[in-house]
**Q** 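The structure under discussion is supplied below as C-alpha cells; questions concerning it will follow.
The figures that follow rest on heavy atoms only: side chains count, while hydrogens, waters and symmetry mates do not.
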Amino acid sequence: MRYLAVILFLPWFAVIGFAYWHLPRAPARPTLRRVFDWSALSLAMVAALIGASLAMKIQWHAAGHIWPQVAAVLFAYAAFLLLLLLAGLARQRIWRL
C-alpha cells in the first residue's frame, strides 16, 4: 500500500502526459523529438515515484495515517509537473515551436 495514492493519481498523470505529448501540435515529429518526449515522460514518472518514496520516508509523528499518502501524492505531483515543465521548455528551445 506504499504507492496507493500514486496509483490512484495515475489517470491524472496520463491526462497531463497526453497534453504534453499533443500540445503544441507539430505537423511532423522527427524521430529524435519522439525519443525526447518519451524520455521526458518516462523520467517524469520515475521522478514522481522517487518523490513519493521520499515523502513516505519522512517521519510524520503528529500526523494521522492518511498524511503520508497525501504528502506522497503532493511530492509525486510536484516532481512530475516540474520535469514535464522543464522538458517542455527544453523542447521549445530545441525545436523552436
Side-chain angles (χ1 to χ4, degrees):
M1 297 323 238
R2 190 170 185 179
Y3 296 107
L4 176 64
V6 176
I7 290 169
L8 293 173
F9 231 65
L10 281 177
W12 183 240
F13 286 156
V15 168
I16 295 170
F18 181 83
Y20 170 79
W21 184 266
H22 288 287
L23 298 175
R25 285 196 67 83
R29 270 196 189 134
T31 304
L32 186 60
R33 181 171 162 200
R34 278 192 302 243
V35 169
F36 178 84
D37 287 343
W38 276 114
S39 300
L41 287 168
S42 299
L43 286 174
M45 197 61 218
V46 168
L49 291 174
I50 290 171
S53 179
L54 289 175
M56 292 298 285
K57 289 181 182 177
I58 295 174
Q59 297 297 320
W60 304 95
H61 296 293
H65 294 291
I66 191 70
W67 290 108
Q69 293 289 334
V70 171
V73 165
L74 291 175
F75 279 43
Y77 189 58
F80 190 81
L81 286 182
L82 179 65
L83 255 92
L84 284 188
L85 175 68
L86 293 175
L89 292 173
R91 180 176 71 176
Q92 193 174 33
R93 183 175 282 257
I94 292 169
W95 282 280
R96 304 277 184 224
L97 294 175

**Q** Which heavy-atom pair separates Gln69 from Leu4 by the least distance, and what is that distance?
**A**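 Nearest heavy atoms, Gln69 then Leu4: OE1-N, 4.0 Å.
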**Q** Any idea which heavy atoms bring Ile16 and Phe80 closest together, and the distance?
**A**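 Closest heavy-atom pair between Ile16 and Phe80: CG2-CE2, 3.8 Å.
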**Q** How would you list, by chain and number, every residue that makes a ring pair (Phe, Tyr, Trp, His ring centres under 6.0 Å) with Trp67, sequence neighbours excluded?
**A**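 Scan of Trp67 (ring pair (Phe, Tyr, Trp, His ring centres under 6.0 Å), adjacent residues dropped) gives none.
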**Q** Would you call the rings of Phe13 and Phe9 parallel, tilted or perpendicular, where under 30° means parallel and over 60° means perpendicular?
**A**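 The arrangement is perpendicular - the two ring planes meet at more than 60°.
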**Q** Is Ile94 reachable from Leu85 through a run of I, L, V, M, F, W or Y residues, each pair having side-chain heavy atoms under 4.5 Å apart?
**A**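 No, no single cluster joins them.
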**Q** If you link ILVMFWY side chains whenever their heavy atoms are less than 4.5 Å apart, which other residues fall into the same cluster as Leu86? By chain and number, please.
**A**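 Leu82, which link up through side-chain heavy atoms under 4.5 Å apart, make up the rest of the cluster.
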**Q** Let me check something: do Leu32 and Tyr20 share a hydrophobic cluster, defined by ILVMFWY side-chain heavy atoms less than 4.5 Å apart, either directly or through other members?
**A**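 The answer is yes; both residues are in one hydrophobic cluster.
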**Q** Do Leu41 and Leu83 come close enough that some side-chain heavy atom pair is under 4.5 Å?
**A**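 Leu41 does not reach Leu83 side chain to side chain.
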**Q** Please work out which of the three classes, parallel, tilted or perpendicular, describes the rings of Trp21 and Trp38, given edges at 30° and 60°.
**A**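 Answer is tilted, since the angle falls between 30° and 60°.
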**Q** Are Leu81 and Leu10 connected in a single hydrophobic cluster, I mean Ile/Leu/Val/Met/Phe/Trp/Tyr linked by side-chain heavy atoms less than 4.5 Å apart?
**A**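 Yes; tracing contacts between hydrophobic side chains, which count when under 4.5 Å, links both residues.
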**Q** Do the side chains of Leu89 and Phe36 join up, straight or via other hydrophobic residues, at under 4.5 Å, putting them in one cluster?
**A**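 Result: no, two separate clusters.
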**Q** Compile the donor-acceptor pairs under 3.5 Å between side chains in residues 45-59 and protein atoms, sequence neighbours left out, one pair per line.
**A**
none

**Q** List the atom of Val6, the atom of Val73, and the distance in Å for their closest heavy-atom pair.
**A**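 Val6 and Val73 have their closest heavy atoms at N-CG2, 4.1 Å.
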